[in-house]
There are 2 protein chains.
Amino acid sequence: MAYPSKLTPEAIVEAASGLLRAGGAEAVGMRALASTLGVQPSSLYRHFADRAAVLAVLEDQTSLELNAALTRATAGLPPADALRAAGHAYLEFARSQPHAYGLLLMPRAPYTAQPGAGQDLWKSVLALVGAVTGQADDTAATVAFWAYLHGFATLELSGQFGRSGPRGGFERGLEALVMGLSHKDTP
Amino acid sequence: MAYPSKLTPEAIVEAASGLLRAGGAEAVGMRALASTLGVQPSSLYRHFADRAAVLAVLEDQTSLELNAALTRATAGLPPADALRAAGHAYLEFARSQPHAYGLLLMPRAPYTAQPGAGQDLWKSVLALVGAVTGQADDTAATVAFWAYLHGFATLELSGQFGRSGPRGGFERGLEALVMGLSHKDTP
DNA sequence: GTCTATAGCAGGATAGAC
DNA sequence: GTCTATCCTGCTATAGAC
């Protein structure tokens with residue numbers, strides 16, 4: 001209840017992050033944000049041009065966190081194991097921060113090369129997959145792997161699996177992909 | 001410009017479907033819908049209880065269409081080929097009707113057994129996958145297959161692939177999954 | 001069964017006082 | 001740099017006349 005009484009960009013982002021985690025991107029409104037900070041909505045515009053600017057920061061932040069989680073999970077593992085670990089870490093991230101993950105993968109203007117944090121994430125996955133397929137910059141394989149992870153995460157988060165549960169489904173597909181994408185050097 | 005001047009549920013749904021295809025679920029508003037039909041918004045409430053009722057009909061309709069597309073594409077094919085064809089038909093549907101597809105896979109309350117059209121769609125895919133894995137009601141394999149298709153479709157539709165394009169990525173993962181999920185009877 | 005009119009709510013963003 | 005006070009726009013839904 002004690003307000004710092006000093007509004008900084010960092011404090012705003014932190015409060016916005018809390019709203020995002022709690023209620024998704026649509027819960028990050030200028031009114032709610034101001035209310036959380038004990039401030040009037042108009043005060044926020046001294047620090048951020050508009051709502052989109054706030055969301056952009058949250059998106060970059062989330063991208064960095066996911067990238068860090070993947071790097072942490074795969075450190076020191078042989079290629080195939082690293083890919084499996086990355087899959088699990090990816091799903092774990094989506095489960096623990098569903099709304100933030102949702103923000104990360106929001107529809108964007110097609111053919112818009114997103115600069116910044118998103119690129120690093122892509123490069124990380126590209127390297128992981130490339131180590132398994134034995135081919136650098138293997139876009140096709142990376143896209144396939146990413147699609148599976150994203151699809152599973154979103155289907156689960158949106159409740160499509162129902163109470164029947166996907167038990168075993170994730171492992172099943174992950175294994176099929178790791179095997180199917182692996183480079184066979186000794187047939 | 002010539003208005004039928006007679007409002008029927010069918011006409012409303014048809015107009016709503018047009019709005020959905022053009023601008024997504026959020027474009028299906030009572031105002032826009034009434035405007036399209038040359039009618040006042042309040043008139044719609046004589047035929048539908050509220051906006052949610054309209055969207056529910058659109059969702060069921062879309063589910064039926066997708067199911068029909070998959071059935072059409074896989075008719076008479078051997079299991080593995082049928083699964084490949086289903087994958088292509090699924091992606092094709094998502095590409096040709098992105099907004100309708102998005103409505104179909106919208107977040108819903110978890111553990112809510114959705115009755116009706118959605119169940120049939122699931123059963124169709126379950127049968128296709130089961131024929132390949134050699135195991136009836138193979139939930140795990142079906143979930144994996146579905147996750148891949150949904151993930152690829154949504155990543156592509158949301159523009160995540162950028163201009164680099166996923167060329168070959170879809171085939172790569174689809175093949176890996178069909179192979180990986182296939183039942184080996186003669187090793 | 002359609003109309004006019006309006007209630008009610010929520011959201012982003014701005015002007016100008018202090 | 002924060003405040004008060006609005007403005008504007010968008011939406012769903014209802015009341016009551018015709």
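Just so it is clear, the values below take in all heavy atoms, side chains as well, and ignore hydrogens, waters and symmetry mates. Order of the sequence lines sets the chain letters (A, B, ...), proteins ahead of strands, with each chain counted from 1.
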Side-chain heavy atoms of L174(A) within contact of H88(A), under 4.5 Å = yes
For DNA chain D, whose closest nucleotide is more 5', that of R51(B) or that of L44(A)?
-> L44(A)
Looking only at heavy atoms, which two atoms of G87(B) and F170(B) are closest? And how far apart?
-> O-CZ, 3.4 Å
Is S43(A) near enough to dG1(D) that one of its side-chain N or O atoms lies under 4.0 angstrom from OP1 or OP2?
-> no
Please report, rounded to the nearest Å, how far the C1' atom of dC3(C) is from the CG atom of L37(B).
-> 15 Å
How many Å lie between CD on Q40(B) and C1' on dG1(C), as a whole number?
-> 13 Å
For the pair made of CG in L19(A) and P in dG11(C), what is the distance, rounded to whole Å?
-> 11 Å
Examine the base of dT2(C) for any acceptor or donor lying under 3.5 Å from a partner atom in the side chain of S42(B), and report the outcome as yes or no.
-> no
Could you tell me whether E171(B) and R84(B) have a side-chain N and a carboxylate O separated by less than 4.0 Å?
-> no
Shortest side-chain distance from R46(B), nucleotide among dG1(C), dT2(D), dT4(D) | dG1(C)
To the side chain of Y45(A), which of dT2(C), dG12(C), dT14(D) is closest?
-> dG12(C)
Of all the choices, dT2(C), dC3(C), dG11(C), which nucleotide is nearest to the side chain of R31(A) once you look at every atom?
-> dG11(C)
Find the distance L7(B):CG to dT2(C):P and express it as a whole number of Å.
-> 5 Å
Nearest whole angstrom, please: distance from the C1' of dG1(D) to the CD1 of I12(A).
-> 11 Å
For residues F161(B) and F152(B), establish whether the separation of their ring centroids is below 6.0 Å.
-> yes
